[in-house]
Amino acid sequence: MGVDIGDILEKRQVGLDDLAHRTVAIDGYNTLYQFLSIIRQRDGTPLKDSRGNITSHLSGILYRMTNLFEAGIKPVFVFDGKPPDFKADTISQRNKSREEARTKWDEAKEKGLSEEAYKYAQASSKVDTRIVEDSMQLLDFMGIPCVQAPSEGEAQTAYMVNKGDADYSASQDYDSLLFGALRVVRNLTITGKRKLPGKNVYIDVEPESIDLMQNIKLLDIDRQQLIGIALCVGTDYNKGLKKVGPKTALKLIKQHGSIHKVLEHRGEAIDELDAKIDFFLNPPVTDAYELKWKPPQKEKIVDFLCKQHDFSEERVLKAVDRLEKAGKQRSQQTLDQWF
DNA sequence: CTTAACGA
DNA sequence: TCGTTAAGG
């Protein structure tokens with residue numbers, strides 16, 4: 001998922017101090033997917049309430065947003081709207097892989113292959129309507145603003161950064177750079193623990209920022225060429241050229257000058273190429289949002305999480321207290337938010 | 001993922 | 001106090 005151009009990008013490690021007082025526009029889909037796939041029991045089952053509803057994402061939101069808030073960061077969630085038509089293949093491929101993973105999960109469980117089972121359990125994660133809706137509900141109760149993007153969330157976060165409404169686009173994917181986001185932050189977590197793919201090993205990960213203009217300059221290319229590199233490697237809208245990773249793609253684009261020339265030279269084609277390039281350059285975005293952080297509604301959070309979804313009241317109250325304290329501290333210092 | 005509990 | 005491990009819902 002997402003475009004694999006990380007290897008050619010210059011990243012800067014950042015501490016949470018660097019992000020204090022900064023607004024980060026979070027790619028909602030990306031974050032929820034991460035929560036759903038990672039917050040699980042050892043057998044692969046996600047957290048669920050007594051009625052069988054998945055709650056992993058609610059746990060992730062509650063604790064991570066509390067931590068970010070405590071660090072003085074102003075988070076905004078941005079949710080996807082209608083995807084472009086040329087994303088249809090990717091979407092149906094994802095649905096297919098997810099269905100397959102679901103079957104393989106059951107098979108592995110029966111055979112007692114726990115590591116296999118866990119892997120397929122993760123791959124069967126789905127950000128469905130209910131997941132999005134109750135995430136928005138919880139965020140609203142926590143006083144964190146949400147933005148509904150007309151199309152791709154990462155395009156909207158890019159727009160908000162470049163307009164000056166946000167300081168960073170936050171996602172694990174690099175796609176918002178293709179939409180022109182000037183600053184991107186990855187690994188936006190407090191306790192940076194990430195599971196190495198395949199192995200059962202966890203490594204520490206620090207938040208890192210990526211500066212678009214610095215990278216454009218360093219690579220000695222322009223934005224169109226960066227998009228060209230992405231299209232060579234493969235994006236959510238196209239498959240990518242065979243055996244071409246980011247380094248080869250960079251070489252090809254620099255050698256031939258443009259994605260059009262690269263394709264011409266190789267005798268290959270990408271469907272609706274110009275429409276896709278234009279989509280990265282001029283995606284649908286909206287100004288219809290208001291960024292306002294409000295005090296958490298303690299009773300509503302407790303009712304929602306504890307009464308309706310079986311969270312421990314002790315844990316939830318502790319998190320809400322931290323949230324309240326962080327907000328009060330902030331409004332005393334800066335006087336800008338929370339009213 | 002994040003917190004809480006536990007043992008060195 | 002810190003690193004490891006289990007539990008959370």
Side-chain angles (χ1 to χ4, degrees), chain A residues 1-2 14-16 19 24 26-73 75 77 105 114-115 117-128 130-135 137-139 141-142 144 170-173 185-208 296 300-326:
Chain A
M1 225 190 304
V14 288
L16 288 172
L19 299 171
V24 292
I26 299 173
D27 176 6
Y29 178 89
N30 187 268
T31 302
L32 294 184
Y33 184 83
Q34 217 90 15
F35 286 153
L36 292 181
S37 73
I38 288 161
I39 305 179
R40 285 169 185 271
Q41 301 173 156
R42 305 132 134 321
D43 68 350
T45 317
L47 302 186
K48 291 178 185 174
D49 63 23
S50 56
R51 290 181 299 178
N53 298 311
I54 292 174
T55 55
S56 298
H57 56 303
L58 299 177
S59 178
I61 288 172
L62 176 71
Y63 297 119
R64 185 179 295 177
M65 290 309 112
T66 300
N67 284 335
L68 294 186
F69 226 79
E70 217 165 38
I73 296 167
F77 259 71
W105 179 15
S114 56
E115 210 156 303
Y118 195 94
K119 190 176 76 183
Y120 289 121
Q122 284 193 305
S124 69
S125 308
K126 177 177 165 65
V127 180
D128 61 22
R130 197 191 60 81
I131 299 281
V132 172
E133 278 173 2
D134 51 33
S135 295
Q137 180 81 266
L138 177 58
L139 288 163
F141 291 154
M142 291 176 78
I144 293 164
S171 177
Q172 287 309 102
D173 294 343
V185 62
R186 303 179 73 240
N187 307 334
L188 190 62
T189 59
I190 307 301
T191 67
K193 283 263 164 91
R194 173 115 342 104
K195 191 173 180 290
L196 248 40
K199 291 286 183 199
N200 214 355
V201 181
Y202 285 80
I203 52 155
D204 286 349
V205 281
E206 293 273 295
E208 60 188 25
K300 287 189 174 167
I301 295 172
V302 170
D303 178 76
F304 183 64
L305 292 180
C306 305
K307 302 275 162 51
Q308 295 185 49
H309 294 297
D310 304 318
F311 276 63
S312 142
E313 192 157 318
E314 189 193 350
R315 284 185 176 216
V316 170
L317 284 174
K318 196 176 273 186
V320 176
D321 281 346
R322 286 171 54 207
L323 202 55
E324 280 179 335
K325 215 161 276 168

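Both backbone and side-chain heavy atoms feed into the values below; hydrogens, waters and symmetry mates do not. Each chain gets a letter, A, B and so on, in the order the sequences are listed, and its residues count up from 1. Everything quoted here is computed from the prediction, not taken from an experiment.
- The CG-P distance, from A/Asp43 to C/dA6, rounds to 14 Å in whole Å.
- Considering only side-chain N and O atoms, A/Lys318 lies under 4.0 angstrom from the phosphate OP1 or OP2 of B/dA4.
- Listed nucleotides: B/dT2, C/dG8, C/dA6. Nearest to the side chain of A/Arg42: C/dA6.
- Between C/dA6, C/dG9, B/dT2, one nucleotide has an atom nearer to the side chain of A/Thr189 than all others, and that is B/dT2.
- In this structure, CZ of A/Arg130 is placed 12 Å from C1' of C/dG9, rounded to the nearest angstrom.
- A straight line from CZ of A/Phe311 to C1' of B/dT3 spans 12 Å, rounded to a whole angstrom.
- What separates CG of A/Asp310 from C1' of C/dG9 is a distance of 7 Å, to the nearest Å.
- A/Arg51 comes within 4.0 angstrom of no nucleic acid atom, judged by non-hydrogen atoms across all strands.
- Closest approach to the A/Ile39 side chain among B/dT2, C/dG9, C/dG8 is made by C/dG8 (side chain taken as heavy atoms from C-beta onward).
- Distance A/Asp321 CG to B/dT3 C1': 15 Å, rounded to the nearest Å.
- Distance CZ (A/Phe35) to P (C/dG8): 19 Å, rounded to an integer number of Å.
- Ranking B/dT3, C/dG8, C/dA6 by closeness to the A/Asn67 side chain, first place goes to B/dT3.
- Looking at heavy-atom distances under 4.0 Å, A/Ser56 makes no contact with the nucleic acid at all.
- Closest approach of A/Phe35 to A/Ile61, counting heavy atoms only: CE1-N, 3.6 Å.
- For the pair A/Arg315 and B/dT3, the criterion of a side-chain N or O lying under 4.0 Å from OP1 or OP2 is not met.
- One finds a salt bridge joining A/Arg130 and A/Asp134 here, because a Lys/Arg side-chain nitrogen approaches an Asp/Glu carboxylate oxygen to under 4.0 Å.
- Between the C1' atom of C/dA7 and the NZ atom of A/Lys48 lies a distance of 17 Å, rounded to the nearest Å.
- In this model, the phosphate group of B/dT3 is approached by a side-chain N or O of A/Arg322 to a distance below 4.0 Å at OP1 or OP2.
- In this structure, A/His309 atom NE2 and C/dG8 atom P are separated by 18 Å, rounded to whole Å.
- Interface remark: the A/Gln41 side chain does form a donor-acceptor pair with the C/dG9 base, using a distance-only criterion of under 3.5 Å.
- Across all strands, A/Arg40 comes closer than 4.0 Å to base atoms (heavy-atom distances).
- For the atom pair CG of A/Leu68 and CD1 of A/Ile26, the computed distance is 5.5 Å after rounding to the nearest 0.5 Å.
- For the 3.5 Å distance criterion, the side chains of A/Asp310 and A/Ser50 qualify, holding a donor opposite an acceptor.
- Rounding to the nearest 0.5 Å gives a distance of 4.5 Å between CG of A/Asp173 and CG of A/Asn30.
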